[in-house]
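Sequence positions, counted from 1, serve as the residue numbers for this chain.
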Amino acid sequence: MSKHAKPTDASGLYTTALRQSLIKLDPRQLWGNPVMFVTALVAAMTTLLGLRDLATGLPGAGTALHIALWLWLCVIFANFAEALAEGRGRARADTLRATKSETRVRMLANPDDTPETATQTLSTALKSGQFIYVAAGEIVPTDGEAVRGMASVNESAITGESAPVIREAGGDRSSVTGGTTIASDWLVIRVTAEPGKSFLDRMIALVEGAERQKTPNEIALNILLVGLTLIFLFVVVTLPAFASYSGTAIPVVVLGALFVTLIPTTIGGLLSAIGIAGMDRLVKANVIAKSGRAVEAAGDVDTLLLDKTGTITFGNRMADALIPAPGVDARRLAEAAALASLADETPEGKSIVEKAREMLGTIPDMPLGAEPVAFTAQTRLSGLDLADGRRFRKGAIDAVIRLAGHTPPGALAAQVDAIARSGGTPLLVVEGAEILGVVHLKDIVKPGVRERFAELRAMGIRTVMITGDNPLTAAAIAAEAGVDDFLAEATPEMKLDLIRREQAGGRLVAMCGDGSNDAPALAQADVGVAMNAGTPAAKEAANLIDLDSDPTKLIEVVMVGKQLLISRGALTTFSIANDVAKYFAILPAIFVAAYPGLGVLNVMGLASPTSAILSAVIFNALILVGLVPLALRGVQYRPSSAAALLRRNLTIYGLGGLIVPFLGIKAIDLCLVALNLA
C-alpha cells in the first residue's frame with residue numbers, strides 16, 4: 001500500500017496463491033464462476049469414468065484420466081490467477097493492518113477541556129462523537145475531525161508520503177485518519193467512526209477484496225458466458241444422436257472434453273482476475289476504490305469537473321511579477337518589496353520574497369533595529385520601518401494611495417487596472433511617499449496541469465473548471481490551465497445542476513473535490529474522487545479516494561478504467577476466436593471415421609482422434625497459464641478512437657485467437673506422438 005513499503009515476497013505470494021487455488025475447488029466457491037464450475041463438474045465426471053474403466057480393465061482408461069488431469073489443471077490455473085490477484089491485495093492489506101494497534105488514549109468530556117482533565121481509555125473502545133487529545137509523537141487512534149488546535153501530521157502509514165501535512169480545526173483540512181501520527185503540536189479530535197468502521201478498516205476490507213461486488217460489465221459478461229455455455233451444452237448433447245444415425249458411438253469422456261474446449265473457458269477463467277487486478281492497479285496508484293463499478297465507470301467518463309482552488313491552482317495568491325513605476329529601477333523595486341515582506345509569514349509574503357530573490361540573486365537580511373509592521377484589516381498594509389528612518393510598505397491600492405497622498409503615475413495605474421481585469425490582485429509598493437511599483441499576485445496554476453488536461457482531451461474527456469471566482473478571473477485561469485470550459489461563481493446547487501445536465505445528455509461525469517460543499521456533487525457524479533486531505537463528508541460521498549490528494553490522479557484512474565474494459569474486451573475476443581479454432585481441431589477428428597469427407601477440415605493434420613482431443617484439452621489449460629500475466633497486467637491503453645481500438649483488438653486478439661490455437665494444438669500433437677501418448 002505504502003509507496004515505501006517493502007515489495008511483497010514473490011515466492012511467498014505464489015505459494016499462497018497455489019494453496020488458495022486448491023481451496024477454491026470447493027463447489028461453493030466455484031459456483032460464483034459458472035464456466036469454471038461446469039469445467040470442474042466435467043473434470044469430476046471424467047475422473048470417475050476413467051477410474052471405472054481402469055478398475056474394470058476397459059480400453060481408453062489412460063486417455064480418460066489424462067483428459068481429467070488437464071481439465072483439473074484448467075480449473076486450478078483459473079483459480080490460481082484469481083488467487084494471485086487477490087494475494088496482492090491481501091499483502092497490501094497486511095501492510096495497512098500493521099499500522100493498527102490498541103493503544104491508550106486521552107478522552108475529554110468536552111472539546112475545551114485541558115489534557116490534565118482527560119481520562120484514559122483504550123482506542124478500541126472509542127465511539128463516534130467522543131473527544132480525544134492527541135499530542136506530538138502519538139498515533140491518531142481512529143478517524144476524526146480536528147475541533148481545536150493545529151498540528152503537523154505524518155500520514156506516511158496511509159499514503160506512503162513522508163512529508164507531513166498540516167491539519168487544523170475548521171475549514172477543509174480538519175479531517176484526520178486513524179493510523180497517522182502527530183509529528184508536532186497537538187489536536188483535540190472529535191471521533192467520527194465507530195469501532196471497526198474506520199477509514200483504515202474499510203481500506204483493509206476493500207484492498208483485500210472482501211467487499212468486492214461484480215460490476216455491471218462483469219455481470220453482462222457472465223450472462224454472455226452462461227449463454228454460450230448453454231448453447232454448446234445443447235450442441236454437445238445432440239451430437240450422440242447424429243453419431244448414432246451415422247453408426248458411430250462417441251464416448252462420454254470425448255463429449256465432455258469437446259464441451260469444455262468449446263465453451264469460453266479462457267475468459268471465464270480470467271474474468272475475476274482481470275477485475276481484481278484493475279482495483280489492485282488503482283491501489284498501486286494510491287487510490288482506494290469503494291466499488292469496482294467506479295473503476296469501470298472511470299473508463300467511460302466523458303466529462304471531468306475539477307475544483308479550481310487547490311486542484312488546478314495552488315490555492316494561495318503568489319507573486320507572478322514585480323512591475324516598476326516609470327523611472328524606477330526594477331532592482332530597487334525588488335529590494336523594497338523584499339524588505340516590506342521579510343516579516344510577512346503569509347504565503348503571499350513569502351512568494352514576494354522569492355520573486356525578489358529571482359530578480360536580485362539574493363535578498364537582504366532583516367536589518368538591525370528594524371520594526372516589522374503587521375497587516376491589519378484596518379490599515380490593509382504591512383511592511384518594515386528601518387532604524388535610519390526609511391519606511392517600506394506594500395498593500396491594497398487605496399490604502400497605499402492614502403499613505404502616499406497621491407495616485408500612481410498613469411502608466412503604472414494602467415498596469416494596476418490590467419492586473420485587476422486579468423483576475424489577479426495588485427499590491428502597490430511604497431518607500432516613504434514614493435510609489436515604486438506594483439506586485440502582481442495571482443492564483444498560480446500548478447506545473448504540468450495544462451499538459452495533463454491535453455492528455456485528457458486526447459482521451460476524449462471534456463474538462464470543466466469549477467470556481468467561486470467571478471467570471472473574469474475564472475476565464476483567465478481557465479485559459480492558462482487549458483480546460484475546455486468553466487463554471488464561475490459556483491454554488492453546491494450549481495455544481496449539482498451541471499452534473500445532472502451532463503448526465504441527462506447521456507454523458508458519464510467524474511468529479512474531483514475535497515470540501516464539504518463538494519459532497520453533494522461527489523455523490524451525484526458517476527465517478528466521485530475525494531482527496532484524502534479533504535473533509536469526512538467529501539470522503540464519505542465519493543466512491544474513489546485519492547490518498548495523495550492529487551486531483552490530476554484522475555488521469556491514472558481513467559487509464560486504469562479504460563485498461564480494465566479493454567483487457568476484458570481483448571481477452572473475450574481472443575477466447576471466442578480460440579473456440580472456433582478448437583472446433584476445427586476436435587469435430588473433424590470425432591466424425592472423420594463416419595464421414596471421411598470431413599478429413600478436409602482436418603487442416604492441422606492431427607495424428608489421430610485421440611491426439612486431437614488430448615491436444616485441444618492440453619492447449620485449453622496451457623493458454624490459461626499463458627494469459628495470466630496479461631490478465632494481471634492489463635492490455636496497454638493508448639489514447640485513440642473507439643474504432644481504432646476495435647480494429648486493434650480484432651487484429652491482435654481476434655486474429656491471434658484464431659492462429660495461436662492452430663499452432664499450439666499442432667505442436668502439442670507432435671509432442672504427444674513423439675512421446676507415444678496418442
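- Sorted by first and then second residue, the side chain to side chain donor-acceptor pair (under 3.5 Å) pairs with a member in residues 651-660 form an empty list; sequence neighbours excluded.
- At distances below 3.5 Å, not a single donor-acceptor pair connects side-chain atoms of Asp546 with backbone N or O atoms of Met531.
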Exercise. Stepwise, does the side-chain contact (heavy atoms from CB on, under 4.5 Å) test hold for Val558 with Ile461?
Worked result: CA-CA 10 Å; Val558 168; Ile461 298 172; 3.5 Å; yes

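- Considering CZ of Arg507 and CD of Glu502, their distance stands at 4.5 Å, rounded to 0.5 Å.
- Put simply, the side chain of Ser21 gets close to the backbone of Leu18: a donor and an acceptor are under 3.5 Å apart.
- Judged purely by atom type and a 3.5 angstrom limit, Asn33 has no side-chain atom pairing as donor or acceptor with the backbone of Gly269.
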Exercise. Hey, mind stepping through Asn620 and Thr261 against side chain to side chain donor-acceptor pair (under 3.5 Å) and telling me if it holds?
Worked result: CA-CA 6 Å; Asn620 201 53; Thr261 51; over 6 Å; no

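- The closest side-chain heavy-atom distance from Ser567 to Leu630 is not below 4.5 Å.
- Note: Ile576 CD1 to Leu228 CG = 6.0 Å, rounded to the nearest 0.5 Å.
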Exercise. Can you list the steps and then say if Leu508 with Thr303 is a side-chain contact (heavy atoms from CB on, under 4.5 Å)?
Worked result: CA-CA 6 Å; Leu508 265 68; Thr303 305; over 6 Å; no

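- Distance OG1/Thr266 to CZ/Phe77: 13.0 Å, rounded to 0.5 Å.
- The minimum heavy-atom distance between Asn578 and Ser575, with the atom names listed, is CB-O, 3.1 Å.
- Under the salt bridge (charged side-chain N to carboxylate O under 4.0 Å, His left out) criterion, the residue pairs touching residues 569-580 are Asp579-Lys582, with sequence neighbours excluded.
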Acceptor/donor pairs from residues 34-51 side chains to any protein atom, 3.5 angstrom cut, sequence neighbours excluded:
{"unit_1": "Thr39", "atom_1": "OG1", "unit_2": "Val35", "atom_2": "O", "d": "2.8"}
{"unit_1": "Thr46", "atom_1": "OG1", "unit_2": "Val42", "atom_2": "O", "d": "2.7"}
{"unit_1": "Thr47", "atom_1": "OG1", "unit_2": "Ala43", "atom_2": "O", "d": "2.7"}
{"unit_1": "Thr47", "atom_1": "OG1", "unit_2": "Trp72", "atom_2": "NE1", "d": "2.9"}

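- The distance from the OG atom of Ser611 to the CG atom of Asp669 is 3.0 Å, given to the nearest 0.5 Å.
- Minimum heavy-atom separation, Leu225 to Gly268: CD1-CA, 3.6 Å.
- Of all heavy-atom pairs between Pro240 and Leu255, the closest is CG-CD1, 3.5 Å.
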Exercise. Run the side-chain contact (heavy atoms from CB on, under 4.5 Å) check on Ile613 and Ile67 step by step: do they pass?
Worked result: CA-CA 8 Å; Ile613 294 162; Ile67 290 172; 3.8 Å; yes

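- Across all their heavy atoms, Leu622 and Trp70 have their closest contact at CD2-CZ3, 3.8 Å.
- A donor-acceptor pair under 3.5 Å is formed between the side chain of Asn543 and the backbone N or O of Gly528.
- Taking 4.5 Å as the limit, every side-chain heavy atom of Leu650 sits out of range of all side-chain heavy atoms of Leu655.
- Residues Phe259 and Val237 form no side-chain contact, since every pair of their non-hydrogen atoms from C-beta on lies 4.5 Å or further apart.
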Problem set entry | Residues Asn79, Gln20; criterion side chain to side chain donor-acceptor pair (under 3.5 Å); working and verdict | CA-CA 8 Å; Asn79 288 348; Gln20 284 295 318; over 6 Å; no

Problem set entry | Test log, rule side-chain contact (heavy atoms from CB on, under 4.5 Å), inputs Leu305 and Ile499 | CA-CA 8 Å; Leu305 310 184; Ile499 292 173; 3.2 Å; yes

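- Between Thr573 and Gly569, the shortest heavy-atom contact is OG1-O, 2.8 Å.
- Atom CD1 of Ile23 is separated from atom OG1 of Thr16 by 9.5 Å, given to the nearest 0.5 angstrom.
- Using a 4.5 Å cut-off on side-chain heavy atoms (C-beta onward), Leu71 and Val617 make contact.
- Between the side chain of Ser615 and the main chain of Ala612, no donor-acceptor pair closer than 3.5 Å is present.
- Between the side chain of Asp526 and the main chain of Val509, a donor-acceptor pair closer than 3.5 Å is present.
- Ile76 contributes atom CD1, which lies 12.0 Å from atom CG of Leu624 (distance to the nearest 0.5 angstrom).
- Side chains of Ile618 and Leu672 form a contact here, defined as non-hydrogen atoms less than 4.5 Å apart.
- No donor-acceptor contact under 3.5 angstrom links the side chains of Thr177 and Asp143, judged on distance only.
- Closest approach of Ala297 and Val527 over heavy atoms only: CB-CG2, 3.7 Å.
- Checking Ile652, Ile623, Leu270, Ile267 one by one against Phe574, the side-chain contact (heavy atoms from CB on, under 4.5 Å) holds for a single residue, Ile623.
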